Each structure stands twice: as C-alpha cells, then as structure tokens.
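Notes to accompany the following structure.
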Amino acid sequence: MPEVDGKPKDRSKRILTGAQAIVEATEQAMERHPEVFLLGEGAQDPKGIFGTTTGLLERFGPQRVMEMPLAENAFTGMAIGAALMGQRPLVVHQRVEFSLLAMEQLLNNAAKMHYVSGGKHRVPLVIRVVVGRGWGQGPAHSQSLESLFSAVPGLKVVLPSNAADLKGLLLGAIEDDNPVVFIEHRWTHYATGHVPPGYAPLPLDGPRRLREGGDVTVVASSYMTLEALQAANALANQGIGVDLFDLRVARPLQLAEILASVARTGRLLTVDLGSSSFGLGAEIVARAASETFDSLKAAPRRLGLPDHPTPSSRALAEVFYIRSPQIGAAICDLVGAKPELRGQLEEELQAGRDDLPLDIPHPSFKGPF
Amino acid sequence: MPEVDGKPKDRSKRILTGAQAIVEATEQAMERHPEVFLLGEGAQDPKGIFGTTTGLLERFGPQRVMEMPLAENAFTGMAIGAALMGQRPLVVHQRVEFSLLAMEQLLNNAAKMHYVSGGKHRVPLVIRVVVGRGWGQGPAHSQSLESLFSAVPGLKVVLPSNAADLKGLLLGAIEDDNPVVFIEHRWTHYATGHVPPGYAPLPLDGPRRLREGGDVTVVASSYMTLEALQAANALANQGIGVDLFDLRVARPLQLAEILASVARTGRLLTVDLGSSSFGLGAEIVARAASETFDSLKAAPRRLGLPDHPTPSSRALAEVFYIRSPQIGAAICDLVGAKPELRGQLEEELQAGRDDLPLDIPHPSFKGPF
Amino acid sequence: MKTDLISLEGSDLSTEDLLRLYRNLLRVRLIEEAIAARYSAQEMRCPVHLSVGQEAAAVGACDPLTREDRIVSTHRCHGHYLAKGGDLTRMIAEIHGRATGCCGGRGGSMHLFDDDAGVVASVPIVGSSVPLGLGIALAFQQQGLPHVAVAFFGDGAVEEGALHESANLAVVHQLPLVFFLENNLYSVYTPLQDRQPERPLARFASAHELPVEEADGNDVLAVRRATAVAVERARQGEGPTLVAVNTYRWREHCGPAYDDHLGYRPEGELAKWQAACPVARFEKALTEAGLLSKEHQESFAAACAAEIETAFRVALQAPFPRPESATDHVYA
Amino acid sequence: MKTDLISLEGSDLSTEDLLRLYRNLLRVRLIEEAIAARYSAQEMRCPVHLSVGQEAAAVGACDPLTREDRIVSTHRCHGHYLAKGGDLTRMIAEIHGRATGCCGGRGGSMHLFDDDAGVVASVPIVGSSVPLGLGIALAFQQQGLPHVAVAFFGDGAVEEGALHESANLAVVHQLPLVFFLENNLYSVYTPLQDRQPERPLARFASAHELPVEEADGNDVLAVRRATAVAVERARQGEGPTLVAVNTYRWREHCGPAYDDHLGYRPEGELAKWQAACPVARFEKALTEAGLLSKEHQESFAAACAAEIETAFRVALQAPFPRPESATDHVYA
Ligand SMILES: Cc1ncc(C[n+]2csc(CCOP(=O)(O)OP(=O)(O)O)c2C)c(N)n1
Ligand SMILES: Cc1ncc(C[n+]2csc(CCOP(=O)(O)OP(=O)(O)O)c2C)c(N)n1
Ligand SMILES: [Mg+2]
Ligand SMILES: [Mg+2]
C-alpha cells in the first residue's frame, strides 16, 4: 500500500523510491532472464533516465542496455521483432509523447500479432512511458495518454501508483507474454514506499482495494491514487467511508470488484490521471451505469484533467491538476455531506500543501526536470 | 436525412452517392477558396480514391491536387505548416491506419498550436480518413479509430452518415479554422441521398435528431446511423418511439440536445462505429449517467465492436459488426418490449438482409475494395 | 530492363540447383495466375496483391537462405511466402478465410506467415515490417545464432521514415539483416518520378553507410548472387546490406486484372517488361543450355497445376472458423 | 574544429554588416548567460536548453533572411528566435510563465515564436518542426511569394524518419526551404558515433539529391555565406538545400549548468571548442582588422546588459495569466 508523504508505519521494512524500485525490478529481471534487454534513448545515460536505469549499463553491458538513436518508430518495431523471436525487450521513452511516433507499430504490429496469427505469435514486450508533470513541461511533454493505449485491444496498460507496484508490476509486465504499456508518472518515481527485496512479479490482475469504506467507491490510477488516498484518510476521520481502489491495470479492464463495491456503496467517483473526457473514468462510469444501475444512489462523478492542452505557466497549472482537496470536496458532494464539513475538509487537505509549490512533487527537489 | 436503402421519397430532388457528394464539396471549396488544396497518396490516381477525387486533377491541376510520396508523417506536418500560413489543406488518407504514422504531428502540432500560441496561430486543416470495412480488409485496414482522435483537445472530429452531410460537413470542416479529422466510412461513400447543389457549408455544430420518439434515445454515428435508422423505422411500426440522433461531431462533443432527450425518455442506447469499450458511447453514457441521473429509467446500453482486432474471414466478420437486428433487439430490451415483439422485429430486420453478403455494402458491388 | 538471355556462366550452381530455381519461379507464377483466374468467383473475399512479373526477386532472394533464416514481407507477400517455403495449402485457405489458413482466416492475403518456413510476418502497412526485420536480426545477434533476416519492401517504402530509421539502426548495430528492395517503379498508380527525385534508387543507402548490391530483378541468377553476397556478409557478422533490384508488376496493384487501360503507365512499358519475363527468360536459357527439355518443363507445369488444383479444392472444402472463435487469442 | 582567426576577406559585407553580426552574436551569448545565471532563483519554472557556444549558427543563418522569410526551430530555440528578430522581452516573460510572454506563458522556453519576426514555431519534439517548415515553404510557393523558410534541427534529428521524409518531399516539390543542421555532436548525453555510422553527417542529403552547403559552425561569416547560397537558390525557385555546420554546446543539454563532470564527453573536448568560441573568434578578427575598438565592444556589451536587465525586470513584474484563462483558445 502506498504511503502518503512517505511516512511508513513500520520502520523495519525496506523503503525505496519508485525510481529505485524500477531499477531493482529491471536488474532482477535481467539477471534471471537472459532474454530481457533494455533499449531506449538515454538507456545508457549518466543520469539513468530519472534514476530508473542507474547502474544497469555497468552491470549488464551495452548489448543488454542498448542506447538507441532518435528513431522511435523503428526501434519500437525492432523490439516487436525481437519479441516475436522470444526475446523480452524493455523499451523506455523518457516522455510518453515520443511514443506517438511509434503508434503504428504499437497499434498494428504489437497489439495484433498474437490475434492475427491465431495465437501462434507472441509479443512479450514492455514499453515504459514516462508521464511528465510540473516544472512547466508544457503541452508536448506532460500529456497523459493512457486512454489512447487503453482503447487498443491486444495491448495491456498498467499504471502503477507506488514503489512496491512499480517493482512488482514491472516484473509482472516483463513476465507477461503480451505487449504492455507501462505508464510511469514522474512523481511516483520520487514517492517512497516499502518494497520487498525478492523477485516477486505481480500479475497484471487488476485493481487493488486500498481502503475499505461503505459510503462511496473511488477509483484512481497512478499518482492520482496518492491524492485520493490523502482525501480518503481525511474523510475517514470525519466518519465518511471511502472504498478506495487503485486501478493499476487499465487494459484489460477488470472491474468485477469495483462494480461489486459500487453495488454496495451506490456511489462512484473516478479520478483520472489524464483528461476526464474520453478518459478511463468514462469507461468505468459507463460500465457502472449499465451494470449497477439499480444500486446507484447518486449520479456517478468523474474528476480528471480539463479539456485542453497542458499549459506551461505555473499560474495555469494551478487550475489544471486535480489534488486531494478537490477529491475530498467531490466525495462530500457525492455523499451529500454538510457544507461545513466539505469546507473544513478542503481546508484541512489544503493546509498540508500550502507550502508546496504546485509544479514540483517535493520541496527539496530543484529543477529542471 | 439519410435514406435507408437509397429510396428517396421525393424523386424531384437531386440524388448523389456519398462519394459524389465529397467530390462536389471539394470542387466547390477549391473553386471558391484559392487557399484550399488537396494532398495525399493517390490524390491524382485514376480511380479517384474510391471516386471521391474524380476529376479534380483535371480541373485544378497538380499544384492544387498534390500527389504525395509515402510519407504520412512529413506531409501531415507540411499540411499543418501550410495551414499556419493561411492555406487550407485537405489531406486524404485512403485508410485511417496510415494516419497513425502522423499521430505525433496531429496530436502535438495540429491540435495544440492554436492553444499554445494563445490563440494567435490557426490550423485550418482537414484530414479525411477513410474507414474501411468488409471484403476481408482485416486487422490493419479496417479499424475505426474515432475514439483516439476524439480524446484529443484541439482536434475536431466529424463522422458524417449520409451524402448531404458528407458534402455539407466537409465544406464546414474546410471553412473551420481548426484541424478537423473527417472520418468517412467506406459504405457511406456508396449510400445515396439528396444533396443540395449549392455551396452550403454546414457548421460542425453537433448532433441531429433524425426521428422523434418518446421511448428511448439512440445515438449513432457515421454508417451506424443508417443501421439504427432502419431499426428505428421498424420499431415505429410497432409503436415504439425512438428519439434517434446522428452524432455527427464527436469532438467537441455537444450533448445538450441528447441529454435533454434522455431526460425525457429515461433510456439511452449508443451505437458506435468502433469498439464499444473506450468508445464514444462510453463518454456519452458517462455524461448521461452524471447529468440525467434522476431521469434514467433503465440502465443505459452501448453497442459497438467487440474488444478484438478485425478478423479478415467473412465467417468471423459475421459476429463482429453490429447491424439493425441487434440494434432493434437492444432497444426492445431497453424499453422492456415483449419477447415476441423482439423476436418478430429481429426477424423482420434480418429478412431484408438475408440476400446481402455481410462483407459488402451492396450486392451489385464487386470486390476488391 | 534487360531482355537478353540469362547467362548461366559464372554461376557455380548445379543443374539441380538451376532446375530448382526454375521450378520455384514457375510455381509462383502459376499459383498467382490461378488466384487471378479464380478471383472473380468471389470466394477469396480479401484484397490480393499479385506479384506476377516479380517472381525472380522472391525466388532469387530466398534461395540462398536456410530454413532457420527468417523473412518479413509486405502487402505483396505471396511470392516471398512461397519462395521461402511457406505452405501453399495454408496460404490458399487463408485467402479463402478458412480456419485452416495460415492465420486461421484472421489475416487474409496481406498477413501471410509460416513459422516452420521462417516467414515471420507479412504486414500491409508500407514500411512497417522492416523494423520487425531489425528485431529478428537483433534476436539472432543476441542469441549468438548464425542466422540472417531478410526484409522485403518496395520502392514506395523508401519514402517512409521507418525505412531510414531502420537503415541507420541496422548499420549502427551491425545487424545480420538484408534489406531487399524490389523496385517495380510504381506505388499503386504513382510512378517513381512523382514521388522521389531522379537518382539511382539504391543511393538512399549511402545516407546510412549501408553497403549495396544491385541486380537485374528479372534475372533469378543475378538476384540470387547479389543476395548471397549480402547474406554471407550478415552471417559473418559484418552487418546489413541493401540488395536493390528492378522489376515490374504486370497486373493491377490490388486485384486480379490487368489495368493498363487506365493509362498510368506509359504505353508499351508493360510489353517491354513482359518481354523480360523472369520465368520465360530463365526457361529459355535453360532450354538453350540443354538443361531443360520440353517434356521436363511440361511435367513441372503439370505437377504445379495439380498441386494448385488440390490446394484450391482443399481450401474450398475447409471449414470456416467458428464465429465464436473470433474472440480467442486477444491476449496470450 | 577551427580555432584560427575568422577571415574577413572574401566577404562582401560592410563594416556595418560585420558589426551587426558581432552585436547579434554577443547579444545571444549574454542573454543565454543571463538565463543561466538567474535560473537557480527558480522563477523560470520550465526546462531551458541553452545554445551557448552555438551562437554563430543561429546568427549566421538568420542574417541573410528578410523579415518575411520564416523559420521553425526546436527545443533549443533561444538563439534562433533572437537571431531572427524575436522580441526579447516577450521571450523572457514566456520563460517566466507570464501573460505577456510570446505564448502568454502557455509554451515556455521550448515553444518560442514571434509572428512579427517570422519565427513561426519552436517545437520540443525532435524532428517535428521540420515538416512544418515544408508547409511554410509550400505556402510561399503556392502564394507565389519570393520568401524562404528555414528549418533548424540538430544532429539527433537526422535519425528521425520525419527528416528523411521531409528531405524527399522538399526535393520532389522543389520547395523554397533551407534545412539547417547544427551538428553539436551530441543528443543529450549520447555522442554521434553511438547513434549513427561514421561518415560526414551531411551525406544523408545525398539519399534525397538534396544539395549541400557546409560551413564551420563557429564562424559566423562562413555560416552566413553558406546559408546565403541556400537562401538565394530557394528564392530563385531552385529548391531546397541542406546547410550543415559543426558546432558545440557548452553547457548541459537541459538546464543552466556545465556538466562535463558527468564524463559523457571526452576530457578536453569542451575546452577545445571553447577555444573556438564563435563570439571571441569573431571579436578578435574584427579587433585585429581595426573594425572594433575596445570601447565599442564595451558599449555593445553594456547596451545588451541593460536590455537584458530590463527584460528580466519587466518579466518579473509582468502578471501571470489569469487561472481562468487556461480554458481559452482551445478552438479558434
Ligand atoms: C503507410 C501506408 N501508406 C499507404 C498505404 C497504401 N498502399 C498500399 S500498397 C501501396 C504501394 C506501395 O508501393 P511499393 O512499396 O512500391 O510496393 P508495391 O505495391 O509496388 O509492391 C500503398 C501506397 C499503406 N498500405 N501503408
Ligand atoms: C522525438 C523525440 N525523441 C526524444 C526527445 C528527447 N530529446 C529532447 S532534445 C534531444 C536531443 C536532440 O539532439 P539534437 O537533435 O542533436 O539537438 P541538440 O539537443 O543537440 O541541440 C532529445 C533526445 C524528444 N524531445 N523528441
Ligand atoms: Mg512499387
Ligand atoms: Mg545535437
């Protein structure tokens, strides 16, 4: 379970940052599976792609930690071809936007090869895409494109929220025989958490309940889970029970447990990392509306990015991103909480943040990034 | 209004095929606006890109009907650059899949330039993408990617269903100062309808009600509108009133009229051209669930393609595509019609089709296409 | 193009080798002609891109390959698939959309593959399979195997960015990959000169320091020779090569017919290329060298015809895939 | 690289021209150094890619252009923007995220543009602005205007398919476009030899029959000469040219610091390139030719410093965009 603010309760457990968890997963997978290799622009770079590839070149050499030219389309196809031959490539893009140049390869060749071949071909491929945010990255370096990938049958799409999942799900993605788009929010690289040391791949088996509660079902993904958890914790103190799910896997979407929860609570809020419109929340709400219709007590709600590109200026980012106070407020609305409570909660959640700049994840961090 | 089976009621009106309507729109726009030019692979081809560019080269010459090398990414960027300088390019892709190679240009440069420039730049660009179907086109030549484009703020997405709209909305798209993805289903090229002869651009202003009815709201797009209309007509004979909307514009999504209809009927069915999951229907249903919650009488439903790539074999296509009998049946379920009625309706709708092969739009048509 | 006799000199091939090449050429031709002849029956309900006229490229390129070597192909893949040893019955069944097809009917004519024969994938998006070829070659390199990958593509693909990115990558990583370019002068209806500057097409390779072997694409021996050099280089760990050959598509881009009446190709061009027929020229050379008798030739043709007849009969009798199976194999 | 004096001979430039070039070089340098110096105050909260060391490329390339000529640039766009005449105050405001920035704070440092100056767009996706340059050139051609477009890009962009597609398209349509390649030997931390085969980088142009002009990228006169040839060719309707120059980035790829301690560049390489400083070399040449006095130089520098001081002060006092305005201008 993610620890908000990185304050683990049990200090005997091992704490890593998300970035360290990724390094550890990659290291262990490469050690265990000679077919696993890493490739990408900057795979060998001295800063280790935000610290997520640090030490791998030294350990495994340039044949297995391959630096790529700026040729996203061709090297994605190359990875697919290698996967068809039984290798297990791990591609990394420092920004999800660079993968747009490889959409044809991903959507046609990676996603469909298994299907078209009637199950004969396999594409055990992982594409790590880093989703930027903050420090004025702006319109072409901080999109969150999970809904694009999630619309493609044949791809799997994973959105880890915490260090343990970054490790476990990355191992699970590497062991999976399908092409997996592994979406890493930059801020989950910084967040710390307990990470078990061993080789323990987690299957890509869908959402995890992070908190139990009877009043409202909340589904968040990736970094937004941390914001939602903060809101849920504060609400619990007020006696409002949030059944909080970390979505984890957006495709194939496994909603059984979430729908069962909605059937119980009658209330649903989704919190998307990317845009609200045409986002993951649309699919989840549509499914809930169709499949738990009779149990719904209130209109389901979605939170997510507004319907415009990401502006660079921090003044505009201020109203762009969803944070825990808004999540808390939306939940209050959903459960029909008293206005005083809503106001108080928003204030409380905001209070812990007033000294944090909006555009960086942690005050000790100095740009650029 | 589209004429199902191409049987217009008023024989005095002028009847064109969808393809002819596109030619006429292009011709009129090029005549009126010297900034309009056509570019694409096959723009000059002797078959006229499924008959949609026939005669244009002869009329306007190779400077304005530009043949392109196989360079989708660069020529899309070229079109965007020309649009930034006040030209009005009309790009055509014979299959929507080819545009996947240009996703970076479309999503970053075309969609965001106006926003990023604070409104100074304009990208008056139309991208015609043809959506294939039938005749075993298979997995990489018959996808329907409208939900990908519709997820992108800054793009407009148009899905015409009939000859009059193919002409009017294409003119409207050309006159629009934004990048417009104009999605043409192959079978709408064949369908005939009344087309007014003059230069009359239709604004990209959202859905059109095609039939009024009080029992259920149905929203379809592109070719699926024709299937839905067939079902709605049959249902009307049975006393079931369908409020049928042709979506027309998937982005920006203008749902006011549809939501008002749902508030009235309490029942909603969406019929997507592409996949049901993560499709346009998800967004529409989610909006309806949030905004018309108190009026809903039954769980909203979505129809659309199943969650797998398009198989080539006609035996597999048989269960892949949604047709009027299934739409009729879904509506019966929604309104709680008697099982006999449902069965009778399905039979009636199927009867008109039994002699039509599934994989071609019209029996007189001979492949390949 | 050349219409003269194909010279058998300088080839170190045995009579058996030469006759194998001839048989393979003839077989591809007859299969494609049979598809053309039967297409109007509308049982093959998928697009077909025939390679009639281009047989020597496919056959000459695949002849130096071992079974373990792999190829990737394009929309125009019939010839490559057959020349590499792909199963005819499964190909014809695939084009008929049958469960017994090489993709179980899921791919149709543009997605032919055969794992046993080393045909990894055919892909209908132009240029899209070339990067797959890189990956196959990379896997060979990583696995320490002495095998070679061949990526087939047409003159149109040279305009795609993917091809240039691939050439650069292959050279930088010295991948055991042969880029095999069949220049048939057209992309659908558009001639080369409307799409690319005038220059020897193979020159694009110099941008990437990619070595080049050129050959007359209608001379199966010349193609074989050029490819063998490239394959040997790759096998020895000396990296990729571009093999560039000129050839010509006789029939329409997609479909069974001749379409010269559309006027997109200069009058007489087709006739000239037909005079350079890769099958007839080689047949004549073998005949004049006394290696191929009329009877021999006729027995080859008859054997092919019988094989083809059977393949079509079997395909037409084969079951369609069960509709419910459409949802299988979305995920492994 | 060359470290010798820049020769003023053979240039038909007046003293005024030469001093303008010098002033522009110095100005770009001082502006970039000012950004570096102030970046740690964390008021510029967006990535910055400084072009310190590469000033002669930007200045030499833009000098032969008219105001009506247009350029497109990359993530490393400050120099190009300034050299083409982009407004300094609006640039500094943009980097500070202010409403008065050239994009109203929406783009940040990687999206600089200035319609009045002919800077159409800067785009942070590598290779992505080159196709925009094609379109600008095409518009000039279609509108019958005698203007020229210049697309700036780095050595990394040469690996992108978009660049090859663009080169082909520009040649086929004889577009009035200058491809301007600044080879600074690195893409982020990765040296050229890990990404491309060894060969003169400009050779990629031969794949597309794109004519080439090469120049020492740290010699503003050489760059100017080479670009002028290309621009004139384009203006005369004779199509596109590649101008390829070698130069060097002094500071880190992104951000204000020096990062040589990371060890990704050979020891001493930076020092050698610093010895070939495009500003100092030109300054020395002008001084030795008696065209630039110490006082003159100092007054230039002081004027720049004052301009920069003002630009930062104005930027820091400028309002941020109103939060509610974030939803404006999604559609025209
Ligand atoms: C990316 C892409 N663009 C366009 C097409 C449409 N198309 C199919 S085949 C073809 C011609 C390709 O020409 P070439 O590569 O020379 O192969 P040939 O058909 O001549 O064998 C085209 C344009 C496609 N399949 N993929
Ligand atoms: C398509 C794409 N891939 C990767 C990146 C990340 N990136 C930003 S700048 C850069 C280096 C580009 O090198 P070059 O073109 O030589 O320009 P330089 O930075 O040296 O000026 C890279 C890889 C990007 N912005 N876009
Ligand atoms: Mg060709
Ligand atoms: Mg560089």
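Letters A, B, ... are given to chains in the order of the sequence lines, protein chains preceding strands, and every chain is numbered from 1. Because the structure is a prediction, the values reported are computed rather than measured.
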Identify the two heavy atoms, one from B:N178 and one from D:A332, that lie closest to each other, and give their separation to 0.1 Å. OD1-N, 2.7 Å
Here the pair of heavy atoms bringing D:Y331 nearest to B:V152 is OH-O, 4.3 Å
Between D:H329 and B:K120, is any pair of side-chain heavy atoms under 4.5 Å apart? no
Could you tell me whether the side chain of D:D115 reaches within less than 4.5 Å of the side chain of B:H121, counting heavy atoms only? yes
Contact part of [X] toward chain B, heavy-atom cut-off under 4.5 Å: side chain, backbone, both or neither?
X      : answer
D:N168 : side chain
D:L175 : side chain
D:V330 : both
D:H173 : side chain

Hey, what do you get for [atom1] ([X]) to [atom2] ([Y]), rounding to the nearest 0.5 Å?
X      : Y      : atom1 : atom2 : value
D:E165 : B:M78  : CD    : CE    : 11.5 Å
B:L107 : D:I125 : CG    : CD1   : 10.5 Å
D:L138 : B:Q63  : CG    : CD    : 9.0 Å

Below 4.5 Å, heavy-atom pairs only: which of B:P124, B:P89, B:G86, B:S117 has the largest tally toward chain D? B:S117
B:V123, B:N73, B:L84, B:V116: which one forms the most heavy-atom pairs within less than 4.5 Å of chain D? B:V116
Stepwise side chain to side chain contact (heavy atoms under 4.5 Å, CB included) check, B:M113 with D:L132: CA-CA 11 Å; B:M113 209 51 99; D:L132 302 180; 3.7 Å; yes
Is chain D contacted by the side chain of [X], its backbone, both, or neither, given a heavy-atom distance below 4.5 Å?
X      : answer
B:E35  : neither
B:L101 : neither
B:F37  : side chain
B:K156 : both
B:E104 : side chain

Which one of D:A139, D:S166, D:P321, D:G135 has the most heavy-atom pairs closer than 4.5 Å to chain B? D:G135
Do the side-chain N and O atoms of D:S128 and B:N108 include a donor-acceptor pair separated by under 3.5 angstrom? no
Spell out the residues in residues 140-154 of chain D that have some non-hydrogen atom less than 4.5 Å away from a non-hydrogen atom of chain B, in order of number; otherwise answer 'none'. D:F140, D:Q142, D:Q143
